[in-house]
Amino acid sequence: MLLSSSISELPRVGPQMLKRLNKLGIFIVQDLLQHFPRTYDNQTEIRQVAYIVRDEQNTVKVTVHQIKNIRTRSRKVLTEAKVSDESGALSVVWFNQPFLINQIKPGMEVILSGKIKFAFGKVSMQSPSVEIVKDEQIHTARLVPVYPETEGVSSRWLRTQIYQHLSLADQFEEFLPIEFKEKYSLMPKAWAIKQVHFPTGEKELKTARFRLAFEEMLLMQLNVQMKRKAWQQSQDEGKKMPMRSEEIKMFVSKLPFQLTKDQKITAFEILKDMEKSVPMLRLLQGDVGSGKTVVAAIALYQAVRSGYQGALMAPTEILARQHAKTLLPLFGQYGIRAELLVGSTTESSKNDLVLALKNKTLDVIIGTHALIQERVGFSNLGLAIVDEQHRFGVQQRALLKTHGSPHLLLMTATPIPRSLALTLYGDQDLSLIKELPPGRQKIITRVVSENERRKAYLFVDDQIAKGRQVFVVCPLIEESEILEVKAATEEYERLQNDIFPKRKIGLLHGRMKPKEKEGVMKSFADKELDILVSTSVIEVGIDVPNATMMLIEGADRFGLAQLHQFRGRVGRSEYQSYCLLFTDSKSSTSNQRLRAMEKHHSGFDLAELDLELRGPGEIYGTKQSGLPDFKMATLTDSDLIYKTREAAETLLNEDITLEKFPALKFELDKYLARKQNFLLE
Ligand code: ADP
Ligand code: MG
């Protein structure tokens, strides 16, 4: 038998079983050995579990003393057993499984897994799964593997099969360089595979898991790093821009405020990159309101002063206009020629702008997707900045790159935990603005249940009476924009007709024409509206300092980071601001998640928390983001990520083609072949 042998060659695998195994992704023997346990039943003693009613699975290995069927008054069948181990005795019940008495006999040794409950006046283990102990060696271990199962393939079946073929693990090839073994304390692969299935103890299990996760994550990191190098090499000679320290100092000193420490650090990192001949590829992360725009402005200033053009692209017209409003006058002071180019710009102005860019009579262009239309060309683009970069596709980034390899700065207010960013965006350098400018108020945030809704509306009305304004964000409906628009429209009508008939309410959604949107936004900004009901389109952009209330419907449908971004729309004035999260979710985890919004005010803390609570797949969507579906590694394990990242760097520094490490190269190619739709492609 070989690792590459078909699973059908195993005993007890007929055509039907073969189909079922295929469903689990098991085709060859190797797949079987790499079908890792989902969890382990931690075998305990009766003494530790009996009489403790808890919503938790317990596993005990016991001897059966007595088992019988009892008919209840309601004519159901109850099977009752008395069992014990060395530490004590336990009673067990099953419902409507009278046949059990034919399988379980007094004197037998069995493993029971179930919850301890209180019923019929006594404490007992209820309806546990039963496994009759036959093969002593598999089951004496304290940690019993529990596998991902499918109909007709039980953990028990898998356990027996895997156990019988475990020695084949010796055939796995080691593809990690020998030096890593010591440096990262990695055990041999065969040992790790065996331990993961049948661990001798918690410590060994941990070591084994680390060994296997290391290898998986290393391939991922190699892939990302190789892309990074390939990107750099594919670029023309970059635009070297020696740092113009004096001029920059001057520029900064004339700003209406002092830069925060993080703004200074990130600006410096960016300017340092721009000095190099390799084009910059850097992601600037900073919470809403952390002041990324001014950092972008400094970089643009440096580019223009060095004789290049700069571009700043935003995902929406509203945002682009807002940037123009800030930056045009700022640059104007220095004689820098900057303009706005968006979809609604008139044809003739567009033509003028395109021409001006080509003739280099324009230094900085600010705009939307309109900037990457075919006809827009630059005379010498030195720096391209993409705001809210997650809103753009990779292709769009690639388009900017065609303009002669400018330095590229990506900005995002979506906080991505560092461990994840290093993996997903490992081909980019990272800069982070963690602190907000001084004097920002905390937004009082409350989770509001359905029965507190009335009270909340009274509070809202009170705020409006005081002259403040209110945002209402409607639930996210992922499947359909039309449904989402419908929901927002209904909410708008409900609020206007039933709740706040005297207040002026506006509606904003993604299906409106830019002109209409603009109109609604403007009346809200001009205080003609008291309440603005919208779909999630207002996530980015828009600055209305007089708005002090943010109501979010169906809050549990959003990620914490996203809620945090919504919340960032208020708290922009001297008035105390509030964020009310409405939810009718009964799930305690989702409520726990929402409660975090009450306590935490940093987007990064919230993102880390969300990652822990929901896992990366939930948050970022495995498919769309190209998150790999690891067998063993997790994207939240920062220790693993840092180590493998370092290891990948070491390897690539030694040989960028990896030809010196043929076994590793072979595995990487295999890995890449499996990963067709990967994020950064
Ligand atoms: P974001 O990171 O969300 O893009 P902005 O760049 O729009 O944030 O900045 C938010 C607000 O904070 C702007 O009004 C800006 O003028 C102001 N701001 C930026 N940096 C500072 C600072 N260091 N001190 C005070 N206010 C600042
Ligand atoms: Mg911004």
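Numbering of ligands and ligand atoms starts at 1, following listing order.
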Taking Thr583 for the side chain and Ser585 for the main chain, is one N or O donor matched with an acceptor at less than 3.5 Å?
yes
Atom 20 (N) of ligand 1: the protein heavy-atom neighbour that sits closest, reported with distance to 0.1 Å
Gln263 NE2, 2.9 Å
For ligand 1, which atoms have a heavy atom of Thr260 less than 4.0 angstrom away?
23 (N)
Report the nearest protein non-hydrogen atom to atom 22 (C) of ligand 1: residue, atom name, distance rounded to 0.1 Å.
Phe257 CD1, 3.3 Å
Passing candidate, side-chain contact (heavy atoms from CB on, under 4.5 Å) with Arg569, options Ile443, Val544, Val288:
Val288
For Ser349 and Thr345, indicate whether the former's side chain and the latter's backbone hold a donor-acceptor pair under 3.5 Å.
no
Going by the order shown, which atoms of ligand 1 are within less than 4.0 Å of some heavy atom of Thr293?
4 (O), 5 (P), 6 (O), 7 (O)
Please tell me if atom 14 (O) of ligand 1 is touched by the protein, where touching means a protein heavy-atom distance below 4.0 Å.
no
Among protein heavy atoms, which sits nearest to atom 8 (O) of ligand 1, and what does the distance come to when rounded to 0.1 Å?
Gly291 N, 3.2 Å
Return the orientation label for the Phe471 and Phe524 ring planes: parallel under 30°, perpendicular over 60°, tilted otherwise.
tilted
What do you reckon, does Gly289 have a nitrogen or oxygen under 3.5 Å from a nitrogen or oxygen of ligand 1?
yes
Ligand 1 versus Arg440: contacting region, heavy-atom distance under 4.0 Å
side chain
Side chain or backbone, does Pro438 bring an N or O within less than 3.5 Å of an N or O on ligand 1?
no
Val288: numbered ligand 1 atoms lying under 4.0 Å from its heavy atoms:
3 (O)
Please work out which of the three classes, parallel, tilted or perpendicular, describes the rings of Phe251 and Tyr334, given edges at 30° and 60°.
tilted
If the cut-off is 4.0 Å to any non-hydrogen atom of Asp287, which atoms of ligand 1 fall inside it?
2 (O), 3 (O)
In plain terms, say whether Asp556 and Arg593 are close enough for a salt bridge, that is, a side-chain N and a carboxylate O under 4.0 Å apart.
no
May I ask you to check whether over 12 heavy atoms, not counting those of Lys360, lie within 6.0 Å of atom NZ?
yes
State whether the side chain of Lys350 and the backbone N or O of Gly343 hold a donor-acceptor pair below 3.5 Å, judged by distance alone.
yes
Answer yes or no: is there a side-chain heavy-atom contact under 4.5 Å between Leu508 and Val533?
no
First locate atom CG of Leu353, then atom CG of Leu371, and finally report the distance between them rounded to the nearest 0.5 Å.
9.5 Å
Does some non-hydrogen atom of Gly286 fall short of 4.0 Å from ligand 1?
no
Of all the atoms in ligand 1, which lie at a distance below 4.0 Å from a heavy atom belonging to Ser290?
2 (O), 8 (O)
Close-contact set for ligand 1 against Gln258 heavy atoms, below 4.0 Å:
22 (C), 23 (N), 24 (N)
Atoms of ligand 1 under 4.0 Å from any heavy atom of Leu259, numbered from 1 in the order shown, are 23 (N)
